[in-house]
There are 2 protein chains.
Amino acid sequence: MARSHEPTLADVAERAGVSVTTVSRVLNARGYLSQDAKDRVARAIEDLGYRPNQVARALHGKKTNTIGLIIPTVALPFFGELAVEVENALADGGYRILICNSLGRADREREYLNLLIGNRVDGIISGAHNEGLCEYESIRMPLVTIDRDLSPTIPNVRCDNRGAGRMATEKLLEAGARRPALLTSRSGAHNLREQGYRDALAGTGAEPLVLAVPFDTPSPLRQRRVEEALDSIAGRFDAVFATDDLAAAEVLEWARGRGVDVPSRLKVVGFDGTTAIRRALPALATIRQPLDLIARKAVELLVAQIDGSGPSPGDAGGVPSAVEFPVAFLPGRTL
Amino acid sequence: MARSHEPTLADVAERAGVSVTTVSRVLNARGYLSQDAKDRVARAIEDLGYRPNQVARALHGKKTNTIGLIIPTVALPFFGELAVEVENALADGGYRILICNSLGRADREREYLNLLIGNRVDGIISGAHNEGLCEYESIRMPLVTIDRDLSPTIPNVRCDNRGAGRMATEKLLEAGARRPALLTSRSGAHNLREQGYRDALAGTGAEPLVLAVPFDTPSPLRQRRVEEALDSIAGRFDAVFATDDLAAAEVLEWARGRGVDVPSRLKVVGFDGTTAIRRALPALATIRQPLDLIARKAVELLVAQIDGSGPSPGDAGGVPSAVEFPVAFLPGRTL
DNA sequence: CTGAAAGCGCTAACAG
DNA sequence: CTGTTAGCGCTTTCAG
């Protein structure tokens with residue numbers, strides 16, 4: 001392939017007739033330099049089209065200016081938009097991002113964790129969903145999670161899931177629904193949106209109807225699963241709060257297939273409110289997560305850890321373990 | 001932060017009572033090792049929780065096993081899914097991916113290009129859309145583009161855009177449309193989907209109606225632009241071929257607002273057929289790009305360049321400069 | 001103001 | 001079979 005080497009510091013030094021030290025100095029604007037030296041080095045860099053080797057720089061400096069982001073998959077608009085927001089927030093601090101799609105598989109997440117550590121990233125933001133990855137316990141590295149409780153000592157940033165679940169359910173009730181069902185990914189005590197749904201139902205006399213279809217069910221299967229779930233409670237609900245917008249879309253498709261009119265006979269509210277799904281389905285009423293704020297805060301907490309100006313994981317005290325942001329209701333024609 | 005260093009090769013060597021060479025050897029399974037040595041090293045690695053420093057490894061080996069992917073933004077499902085497909089294809093070869101969102105801005109793309117080169121990635125796959133970035137000319141590095149003609153010497157992988165444009169338009173005609181309009185991002189000779197549209201119209205007596213709204217128009221504005229465009233040709237069209245699904249969704253929203261029934265009075269066909277949008281809008285008829293094949297082929301061509309078993313950019317001959325894959329029509333209720 | 005030299009952690013000759 | 005010894009490209013004392 002006869003590719004000539006990229007030029008190195010030494011090449012620049014030689015061409016400029018100075019030492020590598022001097023070149024390094026002008027590159028990093030450190031110490032006093034004669035104008036003459038600066039000029040000659042600048043010219044040599046220009047002539048050679050020199051670009052510092054960040055790999056070498058990182059090896060020495062013990063800082064890669066890279067952080068890892070672990071999420072299920074950027075193929076889902078929610079995580080795609082989250083990734084872009086994180087990237088933007090990071091850019092201000094001079095960091096870049098290594099995006100890792102765990103695809104909801106624990107082995108893949110573990111693999112990526114090792115990759116990130118091996119590559120000596122300066123910190124990790126984890127928004128993946130695999131339970132019980134003990135690896136995180138032993139990670140001695142700046143770490144922040146998004147919408148995921150790993151451990152009380154690891155800062156977590158998220159929207160006010162419980163309040164949001166309550167809000168979504170209340171919107172359905174206000175619109176006239178009497179028996180709203182919940183369609184979520186996994187039911188349980190850890191599911192705060194479900195808690196909010198139950199909160200809102202308490203005192204209305206309505207019985208909670210919780211349907212669970214894993215969010216990473218392969219696509220052709222998912223629609224069927226959702227339809228089975230809805231059919232199984234047929235006649236016992238007149239509204240659905242789906243904990244993500246794509247699931248809400250599946251509910252709409254079910255209704256169309258069954259000839260159930262929305263919103264007169266069925267009201268639907270989704271969750272996330274991503275720009276992409278909003279464009280695809282502007283009719284869908286939903287709860288919007290403030291992704292920009294969440295990303296910005298997660299980055300802020302992470303950078304504080306990296307700079308040592310914030311608590312590291314394992315540290316008690318200091319930053320509260322969870323930061324929550326309020327959500328916004330986006331009206332639509334589905335309720 | 002009082003974090004003691006991550007353990008190094010030397011630490012492992014000391015603990016195992018062997019030399020660093022030996023440790024390096026067992027790590028890379030190179031040369032002959034006594035079983036005893038292997039065992040002791042393995043134990044030491046285990047005890048210390050040692051993870052090889054990939055940065056150092058890359059510095060020496062002149063290979064980072066990382067490739068850069070430049071795209072507009074993973075916030076759009078099409079590029080999000082493309083990124084995941086590329087990542088999967090790459091994983092088989094032991095490569096990882098650095099995803100760069102250019103956000104459609106030339107400055108950002110240039111910046112990322114420098115970043116990738118500075119980080120000494122082994123190659124670049126570019127699927128961004130900025131015109132006239134002269135930087136690419138001077139890049140002496142394995143490079144493949146996706147759906148983008150940079151130069152005849154740089155391999156390009158894409159779907160059969162022209163055939164696909166023709167197919168989409170023909171589907172509209174077959175469904176009974178007489179005057180299909182085209183809604184695209186940028187009109188011009190380079191727009192092969194537009195060519196296909198014109199091909200299909202030739203001989204039908206229908207006059208081409210081409211509407212252009214840039215795909216990266218900020219979201220709230222876009223819907224308005226699309227509506228203005230459609231209003232401007234009101235009464236002169238009875239179908240729309242939109243060159244991406246999100247644009248098609250905007251057409252549907254326009255129709256709903258104007259009280260135009262789909263598909264009886266207006267037929268619509270989109271483009272891309274991503275899983276996410278398919279889930280959100282299963283009713284939309286569209287043309288599906290074989291993202292998996294495209295990604296796999298792009299990676300194959302890139303890896304061939306990296307391994308030196310394929311032509312480098314600038315090389316004439318060898319691999320044809322463009323590889324095209326056929327698309328598939330996905331039926332829906334919008335036509 | 002500038003340069004020589006010692007590493008950062010790892011790999012690869014080149015001897016034993 | 002194993003250890004010694006150079007570097008990879010860059011930053012950073014420490015002396016001029």
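So that the names make sense, note that chain A is the first sequence line, chain B the second, and so on, each numbered from 1. The model shown is predicted, which means the values in this text are computed figures rather than measured ones.
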Give a yes or no on whether a salt bridge exists between [X] and [Y], defined as a side-chain N under 4.0 angstrom from a carboxylate O.
{"X": "A:D36", "Y": "A:R40", "value": "yes"}
{"X": "A:D11", "Y": "A:R15", "value": "no"}
{"X": "A:R148", "Y": "A:E109", "value": "yes"}
{"X": "B:R43", "Y": "B:D47", "value": "yes"}
{"X": "A:D216", "Y": "A:R105", "value": "no"}
{"X": "A:E111", "Y": "A:R108", "value": "no"}

Yes or no on side-chain contact (heavy atoms from CB on, under 4.5 Å) for A:L301 and A:V157, after CA distance, side-chain angles and deciding distance? CA-CA 9 Å; A:L301 292 177; A:V157 182; 3.8 Å; yes
Output yes when at least one side-chain N/O atom of B:N28 is less than 4.0 Å from OP1 or OP2 of C:dT11, else no. yes
I want to check one thing: is the phosphate of C:dT11, taken as OP1 and OP2, less than 4.0 Å away from some side-chain N or O of B:S24? yes
Round to the nearest Å and state the distance from [X] atom [atom1] to [N] atom [atom2].
{"X": "B:K63", "N": "C:dA12", "atom1": "NZ", "atom2": "C1'", "answer": "17 Å"}
{"X": "B:D11", "N": "C:dC10", "atom1": "CG", "atom2": "C1'", "answer": "13 Å"}
{"X": "B:L27", "N": "C:dA12", "atom1": "CG", "atom2": "P", "answer": "12 Å"}
{"X": "A:I45", "N": "D:dC10", "atom1": "CD1", "atom2": "P", "answer": "10 Å"}
{"X": "B:E14", "N": "D:dG3", "atom1": "CD", "atom2": "P", "answer": "14 Å"}
{"X": "A:D36", "N": "C:dT2", "atom1": "CG", "atom2": "P", "answer": "8 Å"}
{"X": "B:Q35", "N": "D:dT2", "atom1": "CD", "atom2": "P", "answer": "10 Å"}
{"X": "A:R40", "N": "C:dT2", "atom1": "CZ", "atom2": "P", "answer": "9 Å"}

Contacts to DNA chain D from residues 54-61 of chain B, heavy-atom cutoff under 4.0 Å, which residues? B:L59, B:H60
Hey, is the side chain of A:R120 pairing donor to acceptor with the base of C:dG9 inside 3.5 Å? no
Report yes or no: is there a donor-acceptor pair, N or O only, under 3.5 Å between the side chain of A:T21 and the base of C:dA4? yes
Determine the contact category for [X]: base if any of its heavy atoms lies under 4.0 Å from a base atom, sugar-phosphate if only primed atoms, P, OP1 or OP2 are that close, otherwise nothing.
{"X": "B:L9", "value": "base"}
{"X": "A:R30", "value": "sugar-phosphate"}
{"X": "B:T8", "value": "sugar-phosphate"}

Out of D:dG3, D:dT5, C:dG3, which nucleotide sits closest to the side chain of B:V18? D:dG3
Are side-chain heavy atoms of A:K63 and A:R120 found at a separation under 4.5 Å? no
Whichever of B:S19 and A:R25 has the more 5' nearest nucleotide on DNA chain D, that residue is B:S19
Toward the 5' end of DNA chain D, by each residue's nearest nucleotide, A:N53 or B:Y32: B:Y32
